[in-house]
There are 2 protein chains.
Amino acid sequence: MAAVRTIGRLAREAGVSVETVRYYERQGLIDQPLRGGGPRHYDDRALAMLRYIRVAQSFGLTLREIHSLRGALGTGRDFCVSLRRLVEARLEAIAVKEAELRALTAELTAFLARCRERPADLPCPVVEELASLTTASAAARSARAA
Amino acid sequence: MAAVRTIGRLAREAGVSVETVRYYERQGLIDQPLRGGGPRHYDDRALAMLRYIRVAQSFGLTLREIHSLRGALGTGRDFCVSLRRLVEARLEAIAVKEAELRALTAELTAFLARCRERPADLPCPVVEELASLTTASAAARSARAA
DNA sequence: ATAGCCGCCGTACTAAGGTACGGAGTCAAG
DNA sequence: CTTGACTCCGTACCTTAGTACGGCGGCTAT
């Protein structure tokens, strides 16, 4: 017979830490294991559940979302629909994020270009913008120090 | 003469909350304002600094990074170089992030396609994968309830 | 029999960037 | 003279996904 799967063994098999398993249990993400006052011991479902959580996480779902799917887990089609909706929402969020990053890339690239185009003896636009307040600040510091 | 710029007025002008200004002061991001035991009052430098922080944040710099730049703020070219390095590092990080998001998009899209291609009476791959443990789980719950 | 690992438990801590709270003091207007 | 707006301060709390800690008990190999 196979050795009893304790929390440490389960964690190793699933590639997570013991603390993570305990954490998931507290969050209601995995079933409370059966145990008669003693150590927890886990069956294959627990292992499958941990693996599933990692897949869902790799899809970008939060633990909260994964938890919200648990209610539908027993109900085949509902679960499918719920999961699909979450994944679709996730795709939209990613598209937004990607657009933001593209815009940011454009902005930063343009900034660097402006920065590099300047003659070596002239500072970046940002420095120029801050120049007055910077020197004023330095002057004020000197005055206070004196 | 202009009214004294208190923390509330400064916060409104910069578009942040009073608490945020206090927080930045605690973090050493903006100069301690002069005050004789009474309320803080701020000059234009403080306002410019807040605006600069927001610009730097919009560039994706963390407050920690912004703080690390403060040392170079008074030294024109050093500041310029430091800022450029941070922005370049940021651009690289963004490129990595974008690649990750593209890969994730591809994976999720493929998943949804697989999901949708299936006949209406068959569940998603994920559901299929979980089917055994789901029904086993449901059976176990029924058994415990009975 | 003792060292060392494993399990148990609750609680506190991390990053980042603030937000919220509660009590007290100050100021001007009605 | 009171109301309301504003300020002061320290401290606690929020999000997410865990990590870390400390103390205690039990199993087992040496």
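Lettering follows sequence order; numbering is per chain, from 1.
A:Q32 has its side chain within reach of A:E25: a pair of non-hydrogen atoms, C-beta onward, lies under 4.5 Å apart. The side-chain heavy atoms of A:R45 and A:D31, taken from C-beta on, include a pair separated by under 4.5 Å.
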Determine whether A:K97 and B:K97 satisfy the following criterion, side-chain contact (heavy atoms from CB on, under 4.5 Å), listing intermediate values before the conclusion. CA-CA 10 Å; A:K97 193 77 192 165; B:K97 193 76 192 166; 5.7 Å; no
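Between the NE2 atom of A:H67 and the C1' atom of D:dA17 there is a distance of 15 Å, rounded to whole Å. The CG atom of A:L10 sits 15 Å away from the P atom of C:dC6 (whole-angstrom rounding). The interatomic distance linking A:R5 (CZ) with C:dC6 (P) rounds to 17 Å, in whole Å. The CZ-P distance, from B:R9 to D:dT7, rounds to 11 Å in whole Å.
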For nucleotides 8-21 of chain C, give me one character per nucleotide, 5' to 3': B if any protein heavy atom sits under 4.0 Å from the base, S if the only such contacts are to the sugar-phosphate, - if neither. SBB-----SBBBBB
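Contact between the side-chain N/O atoms of A:T6 and the OP1/OP2 oxygens of C:dC6 is not found at any separation under 4.0 Å.
Looking only at distances, a side-chain donor or acceptor of A:R70 sits under 3.5 Å from a matching main-chain atom of A:L29.
Partners of B:E19 according to the salt bridge (Lys or Arg N to Asp or Glu O under 4.0 Å) rule, which considers only residues two or more places apart in sequence or in another chain, do not exist here.
The terminal axes of the helix from C:dA1-D:dT30 to C:dG30-D:dC1, fitted over 5 pairs per end, subtend an angle of 30° to the nearest 10°.
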